[in-house]
Number of protein chains: 2
Amino acid sequence: MKHTKKFMQSGEPVYIQIEAELRSEITRGELNPGQLLPSESALMSRFDTSRETVRRSLKELEYKGILYSRPGKGYFVAEPQHDLYSFYFDDSDKDFESEFHSINTVTPQEDVKAALDIYDEKKVIKISRIIMLRGDPVAYDEKYLPYDKGEPLVEAEIKYAVFQDLATIKSPPFAFYTRMEIGSINADNELKKILKCERGESLLIIYRYIIGQDGKKLGYGKKFLTQKWGRLEAISGYTET
Amino acid sequence: MKHTKKFMQSGEPVYIQIEAELRSEITRGELNPGQLLPSESALMSRFDTSRETVRRSLKELEYKGILYSRPGKGYFVAEPQHDLYSFYFDDSDKDFESEFHSINTVTPQEDVKAALDIYDEKKVIKISRIIMLRGDPVAYDEKYLPYDKGEPLVEAEIKYAVFQDLATIKSPPFAFYTRMEIGSINADNELKKILKCERGESLLIIYRYIIGQDGKKLGYGKKFLTQKWGRLEAISGYTET
DNA sequence: GAGTGGTCTAGACCACCTC
DNA sequence: AGGTGGTCTAGACCACTCA
């Protein structure tokens, strides 16, 4: 059988081989953004395979943002998204020691009320902790959750769940997402005390809003990172493999 | 014909309908991370369609990071990546006015040499500009490109290309990517002068390294953002649609 | 060995675009 | 009218997993 032979020869599925071949032409600059690719039927004869197999290759490249298709016209090389960055920000701070600071129900301040869409006198749960590196405080974290009366405040449970990920509480995990804002701020006296840094030292401040798919605000957090914590690292553009 | 009727009824392709149905079960929490989905053949009879159609739906959800599959076992609901964030950082600063500051070839400082993998006495092209909002400076930008002797320094061309995107020069657009580091810093006297801010004011500092797929360093940039510039905004988790 | 997903084929009809 | 991609079908063989 034709395809079996091809498959065995290199150990790679045919559609992966075609994908690699086309991708290489693009990263080498032989095919450039906006350019039209050969049609499916042309690729079928070029690679001596069926239409679905060719389409599988093209679909892969489409998902990766390298191609797009226009019905009736063909496939085109996409513009790379050099302005779209991604980064990991792991709230559990696995690489650090973290020190439990306080947990209690409080009357929220204005920024917290606004962030959680609270308009009445409802209280909120406030959890704060200090993140340490080799004995030095490098970050300080405050999290706020709406406190619905009647819900027992089970400290141990919250401690576990919240420290894994804010708002894993009582929401199916695909039912919410997080919006983050990153800014910088000079340490005030309170932060100076907590983080044992200079007053005025420049800190990264990271705001997070946990939002349900229905728009409901499920959580709010502020995190202050000293320069010892390190820099946030992000990537944009297409990285091979 | 069976499928034509189904397709016409809702105007949506069958595989999109199946995808939506499964996704809804997941966001509603009926199916949870780690759980096994019904097999392909079970879904074939449930939705009265062919295997490839069912597989197309599952593949979509796989690409979106909602499912993963294990040969011989089945499809499982994935863990949502609540720690993976994305954001846009458009270097052209379309929403701002930007003021050309200077462009010339200079002997690089140590950080620039390290960032561009320069070990000899080669010079680099330095481009700097100031970004303004309503007449006020809100950011300051420095970019460095390796300067290969013999290349004419065509100012107009560089100005255009670099201000669109650092390193669009002479590299096919899929041949490189960008690594970014975000930190905070106190304004020194020089930045105070350029940005007309207080000495010690907290700034966001953004380092960028433009890197070829072959690992070659193509460009380096530093950008200082005042608090007037605004906050960086990022998103994580699954957002519907 | 029975069931699962992974790959591949050879058809089909459709909507869209261009001449 | 003829070419393009979009959707869908009904087969096939394979490697993997688990009882």
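Every chain is numbered from 1 and lettered A, B, ... according to where its sequence line falls, protein lines coming before strand lines. The shown structure was predicted, so the numbers you read here are calculated from the model rather than taken from an experiment.
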With sequence neighbours excluded, tell me which residues meet side-chain contact (heavy atoms from CB on, under 4.5 Å) with [X].
X	answer
A/Arg51	A/Glu40, A/Met44, A/Arg55
B/Glu30	B/Glu25, B/Arg28
B/Phe76	B/Leu36, B/Tyr68, B/Arg70, B/Lys73

For [X] and [N], what is the distance between atoms [atom1] and [atom2] respectively, to the nearest whole Å?
X	N	atom1	atom2	result
A/Leu36	D/dG5	CG	C1'	12 Å
A/Ile16	C/dG6	CD1	P	12 Å
B/Leu37	C/dG3	CG	C1'	16 Å
B/Arg51	D/dT9	CZ	P	14 Å
A/Leu43	C/dC8	CG	P	15 Å
B/Phe76	C/dT4	CZ	P	12 Å
B/Phe47	D/dC8	CZ	P	13 Å
B/Met44	D/dC8	CE	P	14 Å

Under the rule for side-chain hydrogen bond (donor to acceptor under 3.5 Å, both in side chains), what residues qualify as partners of A/Ser69, not counting sequence neighbours?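 Listed in chain order: nothing, the list is empty.
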
Within the structure, does a side-chain N or O atom of [X] lie under 4.0 Å from either OP1 or OP2 of [N]?
X	N	value
A/Ser39	D/dT4	yes
B/Thr53	D/dT9	yes
B/Ser41	C/dG3	no
A/Tyr75	D/dG6	yes
B/Lys73	D/dC18	yes
B/Tyr15	D/dT7	yes

Is there side-chain contact between A/Arg56 and B/Lys59, with heavy atoms separated by less than 4.5 Å?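 Result no, sub-4.5 Å side-chain heavy-atom pair not found.
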
Under 4.0 Å from any atom of DNA chain D, heavy atoms only: list the residues of residues 54-72 of chain B that qualify, in numerical order.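 Hits under 4.0 Å, by residue number: B/Arg56, B/Pro71, B/Gly72.
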
Here's a test of your reading of the structure: between B/Glu52 and B/Glu40, which maps to the more 5' nucleotide of DNA chain C?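 It is B/Glu40, whose closest nucleotide lies nearer the 5' terminus.
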
Check for a donor-acceptor pair, side chain of A/Ser86 on one end and backbone N or O of B/Ser86 on the other, with a separation under 3.5 Å.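 Flag not set: sc A/Ser86 to bb B/Ser86 has no pair under 3.5 Å.
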
Under the 3.5 angstrom rule, does the side chain of A/Thr27 hit a backbone N or O of B/Phe174 as a donor-acceptor pair?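 No; zero donor-acceptor contacts below 3.5 Å.
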
Which of parallel (below 30°), tilted (30 to 60°) and perpendicular (above 60°) describes B/Phe87 and B/Phe89?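 Because their plane-to-plane angle is over 60°, the rings of B/Phe87 and B/Phe89 count as perpendicular.
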
Enclosure of A/Lys216 NZ (heavy-atom neighbours >12, cutoff 6.0 Å):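 No, because the 6.0 Å sphere around NZ of A/Lys216 holds 12 heavy atoms or fewer from other groups.
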
Measuring from atom OG of B/Ser24 to atom CD of B/Glu19, what distance do you get when rounded to the nearest 0.5 angstrom?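 If we round to the nearest 0.5 Å, B/Ser24:OG and B/Glu19:CD are 12.0 Å apart.
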
What does the inter-axis angle of the helix from C/dG1-D/dC18 to C/dT18-D/dA1 come out as, five pairs per end, nearest 10 degrees?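 Comparing the first five pairs with the last five, the axes sit 0° apart.
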
